[in-house]
Engineer: 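Provided herewith is a single structure, encoded as structure tokens, for subsequent inquiry.
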Amino acid sequence: MARRICLIPGDGIGPEVSEAARQVIDAARPGLEWIPCAAGAAAAQACGEVLPPATLEALESTRIALKGPVATPVGHGFASVNVELRKRFGLYAAVRPVRSLLGVRTRYEKVDLVVVRENTEGLYSGLEHEVVPGVVESLKVATRTGCERIARFAFRYARERGRRRVTVFHKANILKLSDGLFLDCARRIHAELAPEIEYEELIIDNGCMQLVRDPTRFDVLLLENLYGDVVSDLCAGLVGGLGVVPGSNLGEDCAIFEAVHGSAPDLAGQGLANPLALLMSGVLLLQYLGEDRAAARIEAAYQAVLAEGRPEELTRDIGGRAGTRAFAEAVLRRL
Ligand code: NAD
């Protein structure tokens with residue numbers, strides 16, 4: 001059956017890694033219909049809008065996308081495309097599986113944790129204003145509805161996947177109301193929904209220290225938006241970097257799959273970026289569609305490339321000397 005999927009290449013390394021990922025996905029699951037969609041700085045240059053109406057219409061109709069990173073200027077400039085997409089399509093849960101990969105050398109072995117990040121509230125919403133010249137205010141909004149929704153998601157996710165423990169990172173010692181509400185909801189949903197799952201709370205500074213000391217002790221991490229953003233990159237660093245960690249943004253009836261990494265301006269246009277994180281996001285997309293066989297074939301293929309560890313087939317971030325295309329071709333050969 002043909003499936004229609006939006007393909008948002010995005011900015012920087014986005015077009016390179018999304019083309020590589022698409023080629024591998026097409027080889028494993030022929031017949032997908034990709035709808036190319038513009039978003040980000042490239043879209044703004046081409047048509048004056050970071051999220052053109054045609055992209056929104058395509059997403060409204062397909063409710064699913066594979067998305068490359070988009071650049072968001074620091075300081076002045078346009079608002080975040082990601083924040084807008086997550087709010088508009090109700091993508092309230094970001095799920096980032098972080099796993100050690102055989103053949104990718106790091107300080108740790110056997111890391112297997114999942115970051116579950118609330119994706120629509122908190123400081124990350126970017127609600128800011130200037131109160132008077134020289135004084136700005138950024139709002140951290142937490143709602144009971146939003147906190148309960150993500151807690152329910154995390155405990156259901158943990159139960160369905162046979163996970164044993166959910167750890168909440170918070171700063172409720174200082175942010176007594178907002179993080180206090182987040183904790184209150186997590187505790188209650190845990191008791192109601194999944195008392196058999198271990199539940200733990202850590203103040204986030206201590207949590208980060210524990211993560212870098214022994215990440216293998218963690219299972220599912222539940223975090224509000226900004227903490228989830230920061231801790232996701234920290235966790236990527238534990239298993240080989242941003243080139244090897246995928247992600248999904250999930251709502252009730254819509255899903256956008258994208259890597260944790262950004263547009264990597266330092267690598268853009270050079271054909272050097274690792275497409276694996278986006279390809280792994282494509283595997284999550286195939287699983288979401290119930291295409292488990294194609295997903296498993298791709299996983300087996302990239303795992304073989306990593307395990308064999310030939311420098312001419314691995315990108316530089318994971319110790320090789322290959323470019324984006326050479327890595328994708330190596331995966332294609334193992335399919
Ligand atoms: P970044 O993730 O783009 O890069 C951080 C570091 O990781 C860089 O050294 C980069 O070279 C490396 N890296 C990232 N992806 C890689 C890959 N696939 N292979 C090899 N190395 C890789 O973070 P940044 O530089 O802080 O942000 C750049 C831009 O991306 C900013 O405009 C930011 O707003 C945006 N961003 C977008 C998203 C998204 O669209 N989902 C996520 C994060 C950042």
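Whatever order the structure lists them in is the order used to number ligands and atoms, beginning at 1. Counting begins at 1 with the first residue of the sequence. What you see below is based on every heavy atom in this structure, not just the backbone, and it leaves out hydrogens, waters and symmetry mates.
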Engineer: For residues L335 and A28, report the shortest heavy-atom separation together with the two atoms involved.
Structural biologist: CD1-N, 4.0 Å
Engineer: Determine, for R321 against E313, whether the closest basic-nitrogen to carboxylate-oxygen distance falls under 4.0 angstrom.
Structural biologist: no
Engineer: Sort out the contact shell of ligand 1: every protein residue with a heavy-atom distance below 4.0 Å, listed by chain and number.
Structural biologist: I13, K67, P69, V70, A71, T72, N82, L242, E258, V260, H261, G262, S263, A264, P265, D266, L267, A273, N274, D317
Engineer: Please determine which of L221, V114, V212 meets the side-chain contact (heavy atoms from CB on, under 4.5 Å) test together with C235.
Structural biologist: L221
Engineer: Should E308 and R334 count as an ion pair when the cut-off is N to O under 4.0 Å?
Structural biologist: yes
Engineer: Rest of the hydrophobic cluster containing V131 (Ile/Leu/Val/Met/Phe/Trp/Tyr, side-chain heavy atoms under 4.5 Å)?
Structural biologist: V132, V135
Engineer: State whether R63 and E60 are salt-bridged, where the test is any N-O pair (Lys NZ or Arg NE/NH1/NH2 against Asp/Glu carboxylate O) under 4.0 Å.
Structural biologist: yes
